[in-house]
Amino acid sequence: MTKTSPEPLYSPGYFHNPYPRLTQLRETGPVHRVVRPDGLEVWLVTRYDEARAALSDDRLSMDGRRIQQALGAFAYGFLDPENDPPHTLLSSDPPDHTRLRRFVNRAFTSRRVSGLRPRVQAIVDRLLDGLAEQDSADLIETFAAPVPIEVICELLGVPVEECESFKRWTAALFLQPTRTDKDPATEAMRSLTEYLTGLVALKRTARDAGAQDDDLVTALIAVRDDGDGDQLSEHELVSMIVQLLIAGHETTVNGIGNGVFNLLSHPDQLAALRREPALLSTAVDELLRYDGPLETAILRIAVEDLPLGDRVIPAGAFVKIVLASANRDPVHFSDPDSLRLDRKENRHVQLGHGIHNCLGSHLARTEMEIAIGSLLARFPDLALAVPAEKVPWREIMIMRSLAELPVTLRASA
């Protein structure tokens with residue numbers, strides 16, 4: 001029997017609007033073998049039931065070393081098999097994942113996140129004060145990007161003057177690889193790791209000297225240094241902080257940016273939210289479902305032949321779970337291609353499922369609620385400065401990410 005060739009993943013205009021292509025894939029079947037533009041073959045999971053099952057299936061490994069070795073020539077930068085990969089919740093399987101999650105849960109508590117709420121509001125208000133002096137702005141650069149980086153710096157105990165460096169490094173991690181000695185992602189990861197290694201040393205010295213700092217890095221150091229039995233290694237400690245920084249920044253930037261864009265693109269829903277601000281909590285979940293920041297989950301590899309849907313994914317194959325497609329599956333979401341802020345039954349998988357569900361989901365929702373709610377309250381005439389189809393999107397994998405969001409802040413005279 002002739003082996004069929006994989007389909008090309010992207011269609012013209014995909015990055016601006018991937019949903020027609022994802023609908024076509026989902027309607028054709030739940031699982032597809034596709035090829036990325038760089039030539040890597042990947043199996044896509046596009047329907048909700050199969051996606052939810054795959055997200056919690058231990059036959060799909062996220063182990064960083066296993067994946068890097070299998071990527072071979074497709075690895076690049078800080079994903080090169082020659083380098084020691086970050087050892088985090090996003091690059092480990094049980095039992096390592098269970099151990100790491102237990103440690104970080106002891107430091108990253110709901111009390112700590114709830115305590116950040118006044119500080120999030122203060123950061124948002126200060127940025128909105130700056131915007132109030134302008135007639136128009138790029139909301140990504142001036143608002144969506146600064147909010148989460150300042151919040152995560154506050155959470156980790158990073159001095160505010162370092163926020164710009166952090167923003168630059170995290171943005172570079174999502175650039176397409178250049179496969180050169182000066183690959184931006186490689187350089188950014190190196191700079192980030194070196195800085196955070198130094199920060200851990202400074203925080204540990206301060207703690208040993210009796211300082212009572214209440215930041216997350218200090219809390220993780222306490223878990224690392226004071227725990228009984230199996231402990232975090234120093235590499236795991238720094239890697240965990242790197243993951244929290246990256247996950248806490250880039251996804252929330254896009255959560256806020258995409259959310260505001262889609263509200264401004266759907267004036268009926270925006271008007272409903274302005275009339276009834278109490279909708280904000282359910283609105284955030286609907287914005288995450290409709291056009292969330294993560295198009296796909298982290299790359300996985302099948303450790304054995306895996307029957308899924310109507311296909312068998314062979315052992316050794318790479319698998320991408322397409323969250324953006326699963327969240328528009330009509331089997332589970334009525335009228336899935338419509339934005340409905342009052343949607344009640346909304347078990348979307350944008351923030352994951354199973355043991356790899358998003359650790360910072362409460363913080364991300366908090367930031368989106370405060371940022372979007374405060375922005376709309378401050379600027380009642382907020383509008384897109386260009387037609388929605390002219391707003392540019394970044395051409396990157398994994399993330400659904402606006403390159404900029406040009407808006408007018410007040411009605412023209």
Side-chain angles (χ1 to χ4, degrees), residues 9-10 14-19 21-22 25-26 34 36 42-48 50-56 60 62 67 79 88-91 140 144-145 147-149 152 170-171 173-176 185 242-262 284-300 318-329 332-333 336 339 346-368 371-372 393-403:
L9 173 55
Y10 300 125
Y14 180 91
F15 289 103
H16 182 81
N17 181 9
Y19 296 103
R21 170 65 170 150
L22 295 179
L25 288 170
R26 190 176 59 246
V34 302
R36 298 191 324 196
V42 179
W43 290 72
L44 297 185
V45 183
T46 56
R47 291 183 184 169
Y48 182 92
E50 287 76 10
R52 193 173 168 88
L55 284 167
S56 58
L60 290 175
M62 294 175 64
I67 290 174
L79 293 180
T88 72
L89 295 171
L90 295 179
S91 59
I140 299 299
V147 168
I149 197 63
I152 200 68
T170 54
L173 292 176
F174 290 92
L175 295 175
Q176 296 294 351
V242 170
Q243 177 196 327
L244 290 169
L245 173 65
I246 297 170
H249 173 250
E250 191 69 18
T251 52
T252 312
V253 171
N254 299 322
I256 295 170
N258 295 6
V260 173
F261 168 78
N262 283 297
V284 164
D285 265 311
E286 175 65 351
L287 292 168
L288 288 170
R289 180 204 70 83
Y290 180 77
D291 197 13
L294 289 172
E295 183 178 313
T296 71
I298 298 293
L299 188 69
R300 287 159 163 81
F318 295 110
V319 177
K320 278 279 194 179
I321 302 161
V322 190
L323 308 175
S325 178
N327 285 335
R328 293 203 182 191
D329 189 333
H332 287 272
F333 302 98
L339 182 68
N346 198 349
R347 298 179 65 198
H348 64 77
V349 290
Q350 173 61 209
L351 298 173
H353 172 65
I355 65 169
H356 290 290
N357 66 302
C358 177
L359 179 70
S361 59
H362 179 52
L363 179 58
R365 284 188 173 97
T366 297
E367 290 182 66
M368 286 183 66
I372 294 173
W393 294 82
R394 295 164 68 194
E395 296 191 1
I396 59 174
M397 294 179 282
I398 300 179
M399 290 287 176
R400 177 89 173 119
S401 176
L402 287 164

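Source: prediction; values computed, not measured. Because only heavy atoms are used, hydrogens play no part in the values below, and waters and symmetry mates are left out as well, while side chains stay in. The residues of the chain are indexed from 1 along the displayed sequence.
Minimum heavy-atom separation, A371 to I256: CB-CD1, 3.8 Å. When every heavy atom of H249 is checked against every heavy atom of A145, the shortest pair comes out as NE2-O, 3.7 Å. Scanning all heavy atoms of the two residues, the minimum distance from I396 to F15 falls at O-CE2, 3.4 Å. The two residues G257 and A144 come nearest to each other via the heavy atoms N-CB, 4.0 Å. Pairing each heavy atom of S56 with each of R52, the nearest pair is OG-O, 3.5 Å. Across every non-hydrogen atom of L288 and M368, the tightest pair is CD2-SD, 3.8 Å.
A distance of 9.5 Å separates NE2 in H356 from CD1 in I321, rounded to the nearest 0.5 Å. One distance of note links CG of L22 with OG1 of T46; it measures 8.0 Å at 0.5 Å rounding. One finds the CZ atom of R289 at 13.0 Å from the NE2 atom of H332 (value rounded to the nearest 0.5 Å). Distance CG/N357 to CG/L55: 10.0 Å, rounded to 0.5 Å. From I67, atom CD1 reaches atom OG of S91 across 8.5 Å, with rounding to the nearest 0.5 Å. The CG atom of L402 sits 9.5 Å away from the NE2 atom of H16 when rounded to the nearest 0.5 Å.
Within the cation-pi definition used here (under 6.0 Å to the ring centroid, within 45° of the axis), R328 does not qualify as a partner of F333.
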- Test side chain to side chain contact (heavy atoms under 4.5 Å, CB included) on I398 and K320 and set out the steps. CA-CA 9 Å; I398 300 179; K320 278 279 194 179; 3.3 Å; yes
### Query
Where do L287 and V260 land on the side chain to side chain contact (heavy atoms under 4.5 Å, CB included) test, with the steps shown first?
CA-CA 9 Å; L287 292 168; V260 173; over 6 Å; no
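Residues L44 and V42 meet the side-chain proximity criterion, which asks for heavy atoms closer than 4.5 Å. Between L294 and M399 there is a side-chain heavy-atom pair separated by less than 4.5 Å. The side-chain heavy atoms of D285 and R365, taken from C-beta on, include a pair separated by under 4.5 Å. Between V45 and V319 the shortest side-chain heavy-atom distance falls below 4.5 Å. Contact of the V349 side chain with the Y48 side chain is registered, since non-hydrogen atoms from C-beta on lie closer than 4.5 Å.
Under 4.0 Å is where a charged nitrogen must lie from a carboxylate oxygen, and between R47 and E50 no such pair does.
Residues that satisfy the side chain to side chain donor-acceptor pair (under 3.5 Å) test with E295, not counting sequence neighbours, are Y14. With sequence neighbours excluded, the residues that form a side chain to side chain donor-acceptor pair (under 3.5 Å) with S325 are R26.
Within the structure, salt bridge (charged side-chain N to carboxylate O under 4.0 Å, His left out) pairs that include any residue of residues 347-358 do not occur (at least two apart or interchain).
In this structure, F261 and W393 have perpendicular ring planes: the angle between them is above 60°, well past the 30° mark.
When the options T251, D291, N258, N254 are evaluated for a side chain to side chain donor-acceptor pair (under 3.5 Å) with R400, the one that passes is D291.
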